[in-house]
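Read through the structure below, which is laid out as structure tokens, and then see the notes.
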Amino acid sequence: MSGTAQAAETSPAYDLLLAGGTVIDPASGRQETADVAVYDGRVAAIGPGLTGRALWRVDCRGAMITPGLIDFHVHIFAEVTTLGAPAEAACLQRGVTTAVDAGSAGCWTFAAFARHVARQVPLGVYCFLNVAATGILDIRLGENRVLDHLLVDDAVALAARHPDLIKGFKVRLGEQMVGNSCRPVLERARAMGDAAGLPLMLHIGETPEPLPEILHYLRPGDVVSHCYTGNRHGILQDGALLDAVRAARDAGVLYDSAHGSSHFSYAVARRAIEAGFLPDTISSDNSLRNWRGPVHDLPTTMAKFVALGVPFLDVLERVTWRPAQLLGLAGEGYGRLQPGGPADLTVLRWTEEPYLLRDSTGEVLQAPRLEPLYTVRAGHLVPCVPWRGVAA
Ligand SMILES: [Zn+2]
């Protein structure tokens, strides 16, 4: 047997080798300069100086290699809804390997969402089904104003048929969406969640009732979106965190940031962070309305939290391991980096120059930005597209 053949037998072959990056995995606490090798859609090995032939080799020096980012709140039902961003450009090509659509589809439009988005785009897609059968066709619609459109039996049956896609129910509670009270809408949403055994995800801000009255309807595992909204009836009163908000968290209710065009206030975030109140998950609420600003994407949203003083590891955990757990994907190895686990990875680096990072109220922070370089989804390498904003 020739030396070459022997080398081929003993030296493993990889599809992809991400070489020399800082591997950061909040779930295990791993943080080291290392290579990550990928074979057949799985992480084959992690360690310094991996040897082996690879079809593709990416120099990751100066960059971070993290678990694939999970955006827990986006709107990617393009073409059927007027707020749907293109999933590949807004998520996959900006570092996101798994995205959760938050209520764009309702039970009358879910089949189209499943066919044309969830089973079509090359990233992990899940959804919270809108309690209104129409979903959010257009944000001016006010989808919960016709109570007869909240079809409990239909929604529960649909969720039972698609447990692989539907992870809960989304209910938007702004005055414009529900009219002069949240209560009848919340009662139907509660009935859906209880009958299906699935969590509710609530859109708050500008609600007819104050937040404590809404929290009263929630159970452990339910999610309050837009937790740093600067709009009326948010988590603060006279600048202090409401006792009811903390009590709900202690009882198991979860909070998600869901930035969006109108739901992320640096002023609220600063108060909440000072009070030790971080979101359980950090998400962008990316949509066609905001993916060219002020939100842009999930990495830019992460950079805003870091600019506000939240340690990077705490931010990263909230876009990887935490959402993987909430979606029931942690057991399959998503949201973390380990040999044998799914090869969902993101390669990111901090930009050197400061950028203008705008919140939903118009306040601007001048801070470095996170730039995704590559997304790896199920072992496939996807180069990222450059940021669409402007430097400071
Ligand atoms: Zn949203």
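Index from 1, following the sequence. Atoms within each ligand, like the ligands themselves, are counted from 1 in listed order.
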**Prompt:** Can you check ring-ring contact (aromatic ring centres under 6.0 Å, His included) on Y14 and W56, steps first, answer last?
**Reply:** CA-CA 8 Å; Y14 303 125; W56 298 94; over 10 Å; no
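Closest N/O/S atom of D285 to the Zn ion (ligand 1): OD1. Within H73, the N, O or S atom at minimum distance from the Zn ion (ligand 1) carries the name NE2.
Nearest approach of V376 to T97, heavy atoms of both residues: O-CG2, 3.4 Å.
The side chain to side chain donor-acceptor pair (under 3.5 Å) test with H75 is passed by exactly one of S287, S104, S284: S104. Between R188 and the options V131, L147, N144, a side-chain contact (heavy atoms from CB on, under 4.5 Å) holds for only L147.
Metal site remark for the Zn ion (ligand 1): H226 contributes no N, O or S atom at a distance under 2.8 Å.
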